[in-house]
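These notes are about the structure you will find just below.
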Amino acid sequence: MPVHKKVSKLDVISNGKLNNIKCLKTKDMRYLIYTICFFCSVTATYGQQTAIDTNYTIQDSVSIPTRSGIAISATIVQKKTNLKPLPVVLFYTTYYQGKTDDFFAKLSADRDYIGIVAYARGIRTNLKEYAPYEHEGTDVYDIIDWISKQTWCNGKVGMYGGSYSGYSQWAMVKNIHPALKTIVPQVAVMPGFDAPMENNVPYGNILGWANDNIYKNKPYDRGLVFEWFNNGASFRSLDSLGNQPNPIFQKWLQHPDYDSYWQSMTPTPQEYARINIPILTTTGYYDGSQIGAIQYFKLHNKYNKNANHYFVIGPYDHWGGQSKPQKNLMGYEIDPVANISMRELAFQWLDYILKDKPKPEILKDKVNYQVMGTNEWKHAPSFQTINNDTLTFYLNHKILVNKKPEKKAFERQAVDFKDRESQNNYYTPEIIFDTLDASNGLIFKTEPFISDFSINGSFTGNLFATINKKDMDVSLALYEQTPDGKYFYLTRYVGRASYAKDNSKRQLLKPNKKESIPFNNTRFISKKISKGSRLVILLNINKHPFEIINYGSGKPVSEETIKDAKEPLQIKWYNKSYIKIPIWKPKE
């Protein structure tokens, strides 16, 4: 894997081109391009239109009234040959890309639905009224209420879509409209839980999300994060450094806890208990929104024991989990059976619920997952039944050992936040690579395994540490080292130590006191681990340009600057620290 190799003048993606980044290290450049593509997914090409416009009746810029008095802009598409009332498929979005948005409505019209694309309040109307995540519960209800009263609607409405569109469906089912018969939330974000922060660590590129995609302002200079990193300014000052105030960015930073502001956007336990419409969730092992997608599924099943909810996951990223997968995903050739269009699956599901057609064949049980490396899909009634054993490993002298060490010991790590010549960064631009760059972190490995097994689920654990500060942001990446010595990136945990016990309340660490840092909110992975392979953990502390830097002073992290760095962070990682990995062992 090429790291630290200088490249000459390169551009970051903007309208399909690369622009204005000079002399980035290859590792930095690829990370930046990856994150921009991931979070600015609206720049993706939708593909060719499915039919020429003369085949459709298209109503553009339809104004849908809501109880708030703020109208919602929408586009309505139907085939000219469809004259009788039909079921409606609603695609609700926060993005506007012009005429290409007709694509989503035409997809539905081509399948003999009325296709509607509706926009979040303020989009295409008055952006002063825009407030991401805050009004979907009532606004989408009112949109569906209006749809249900139109002569072209037969009384049945379904929703599908990914990311923010996936979230909007969960917001809507807090109070389900009688006409809504099903939802298909794909790669759905959960505000405050996995976006715009994950385990209370904000994403570095939340700044550009509203500026570029919503406000359509001149994009921030893509070198801004490097300027910020090098001068040690506060994270909150990023928009000022970029000379463009960003109210959404500033508002989100005011809520570092998973507090009532975020929690009010998704169903309560009582509301989950009342969700009785059928649901299909899709996501991917390498989807940044997977944590939220899984949490919705878990909570729905926890509070509604009769939940009619199906879950599909495979080797997909954020796009693959809602549309067509990449056959080569960051260097990994996915198994042939995984090459399934999640968008086509969504329409098969809509046909099943809204038109009484057969249930999609892949849905053999409630949880459907593709085991990487086996060319097989597996099916189970719940997450609790997908594994039959758990491996526990302790972090002892750079080795992952399966027995708790009798002799107490620790590994030292020091992080000098004032040193900007080096970075602590777990990121790898590919899934499979030749060497593992420790990036100033600590590497722990198991002994080679003597038989095959499959990892099935999310790894958890508890870290025990003593530090000389009050907080830190921990990164824990999990890899398989295959018998040929290559590394296969499986998944990663990132989280703020002060929120490890309660993501809704910050509890600062006490300097020089041994602390427990539990973690359980990690991504689901399913992969065959071959005989002779090892599992590898890279333990680190965030210090790089692409995520916020926690200097450990105890102040609000977004307000900290390099002046708060003071002495280096000194950590003792104790060998009672452990990880737990759920597995499926073949029966002998």
Side-chain angles (χ1 to χ4, degrees), residues 1 187 282-288 290-291 293-294 311-318 320-321 325-340 342 362 367-380 383-393 400 402 426-434 436 444-461 476-493 522-538 579-587:
M1 178 185 66
V187 297
T282 67
T283 182
Y285 302 138
Y286 298 95
D287 167 30
Q290 187 216 103
I291 290 175
I294 285 183
F311 188 90
V312 177
I313 187 169
Y316 314 126
D317 59 9
H318 197 57
Q326 299 178 53
K327 292 183 180 180
N328 185 297
L329 178 63
M330 294 183 286
Y332 167 61
E333 293 287 337
I334 68 173
D335 293 338
V337 296
N339 188 21
I340 296 174
M342 292 297 106
I362 195 173
V367 178
N368 306 273
Y369 58 101
Q370 201 273 309
V371 186
M372 293 187 291
T374 67
N375 201 34
E376 286 184 299
W377 283 89
K378 295 289 187 180
H379 315 273
F383 281 135
Q384 291 72 32
T385 58
I386 63 174
N387 46 71
N388 59 7
D389 203 353
T390 300
L391 299 180
T392 301
F393 295 107
L400 293 173
N402 56 15
Y426 89 101
Y427 180 74
T428 55
E430 297 173 338
I431 290 176
I432 302 172
F433 45 93
D434 294 330
L436 180 59
F444 299 82
K445 296 185 179 184
T446 66
E447 293 296 325
F449 295 106
I450 60 174
S451 59
D452 296 347
F453 63 91
S454 295
I455 293 179
N456 280 352
S458 306
F459 81 108
T460 60
L476 198 68
L478 177 65
Y479 307 84
E480 175 193 9
Q481 186 178 19
T482 53
D484 61 3
K486 293 183 182 294
Y487 291 84
F488 191 107
Y489 170 61
L490 296 170
T491 189
R492 176 213 187 189
Y493 163 81
T522 63
R523 284 175 181 76
F524 181 107
I525 195 81
S526 182
K527 184 184 185 299
K528 177 183 176 181
I529 305 299
S530 300
K531 175 183 177 180
S533 286
R534 304 170 185 259
L535 290 178
V536 181
I537 284 288
L538 173 53
I579 60 170
K580 288 182 174 290
I581 299 175
I583 68 167
W584 182 270
K585 291 172 63 175
K587 296 179 180 179

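Taking each heavy atom of Ala293 and Phe311 in turn, the nearest pair found is O-CE1, 4.1 Å. Heavy-atom minimum distance, Pro325 versus Ile334: CB-CD1, 4.2 Å. In terms of heavy atoms, Pro315 sits closest to Tyr332 at CB-CE2, 4.1 Å. Residues Tyr489 and Glu430 come closest through the heavy atom pair CB-O, 4.5 Å. The two residues Val371 and Lys528 have their closest heavy-atom pair at CG1-N, 3.8 Å. The two residues Ile583 and Asn387 come nearest to each other via the heavy atoms O-CB, 2.8 Å.
Residues Asp317 and Gln326 meet the side-chain proximity criterion, which asks for heavy atoms closer than 4.5 Å. The shortest distance between side-chain heavy atoms of Leu535 and Phe444 does not fall below 4.5 Å. With contacts defined as side-chain heavy-atom distances shorter than 4.5 Å, the pair Lys531/Phe449 does not qualify. Side-chain contact between Gln290 and Ile313: present, with at least one pair of heavy atoms (C-beta onward) separated by less than 4.5 Å. Using a 4.5 Å cut-off on side-chain heavy atoms (C-beta onward), Trp584 and Ile386 make no contact. In this structure the side chain of Ile579 reaches within 4.5 angstrom of the side chain of Leu476, judged on heavy atoms. Contact of the Ile525 side chain with the Met372 side chain is registered, since non-hydrogen atoms from C-beta on lie closer than 4.5 Å. You'll find the side chain of Ile581 reaches within 4.5 Å of the side chain of Leu478, heavy atoms only.
Under the 3.5 Å distance criterion, with hydrogens and angles disregarded, a donor-acceptor pair is assigned to the side chains of Asp484 and Thr482. For the residue pair Thr392 / Lys580, a side-chain donor-acceptor distance below 3.5 Å is found, with atom types taken as modelled.
Between Arg534 and Glu480 there is no salt bridge, since no side-chain nitrogen of the basic residue lies less than 4.0 Å from a carboxylate oxygen of the acidic one. Between Lys585 and Asp389 there is a salt bridge, with a side-chain nitrogen of the basic residue lying less than 4.0 Å from a carboxylate oxygen of the acidic one.
Taken from OH in Tyr369 to CG in Asn456, the straight-line distance is 4.5 Å, to the nearest 0.5 Å. How far CG of Asp335 is from CD of Gln370: 4.5 Å, rounded to the nearest 0.5 Å. Note that NZ of Lys486 is 13.0 Å distant from OG of Ser533, once rounded to the nearest 0.5 Å. Between the CG atom of Leu490 and the CD1 atom of Ile537 there is a distance of 9.0 Å, given to the nearest 0.5 Å. The distance from atom CG of Leu391 to atom OG1 of Thr446, rounded to the nearest 0.5 Å, is 9.0 Å.
Checked by atom type and distance alone, the side chain of Trp377 never pairs as donor or acceptor with a backbone atom of Asn368 at under 3.5 Å. With hydrogens and angles disregarded, a donor-acceptor distance shorter than 3.5 Å links the side chain of Asn375 to the backbone of Val337. Judged by distance alone, with hydrogens and angles left aside, the side-chain atoms of Arg523 form a donor-acceptor pair with the main-chain N or O of Asp287 at under 3.5 Å. Using modelled atom types, one side-chain atom of Tyr316 and one backbone atom of Ala338 make a donor-acceptor pair closer than 3.5 Å. Side-chain atoms of Thr390 do not come within 3.5 Å of backbone N or O of Pro582 as any donor-acceptor pair.
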Practice problem: Could you please spell out the steps behind the side-chain contact (heavy atoms from CB on, under 4.5 Å) verdict for Phe453 and Ile455? | Solution: CA-CA 7 Å; Phe453 63 91; Ile455 293 179; 4.1 Å; yes
Quiz prompt | side-chain contact (heavy atoms from CB on, under 4.5 Å) evaluation trace for Thr491 with Tyr285 | solution = CA-CA 8 Å; Thr491 189; Tyr285 302 138; over 6 Å; no
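Under the 6.0 Å cut-off for aromatic ring centres, Phe524 and Phe383 qualify, their centroids lying closer than that.
Tyr487 is linked by a side chain to side chain donor-acceptor pair (under 3.5 Å) to Lys445, Gln481, counting only residues two or more places apart in sequence or in another chain.
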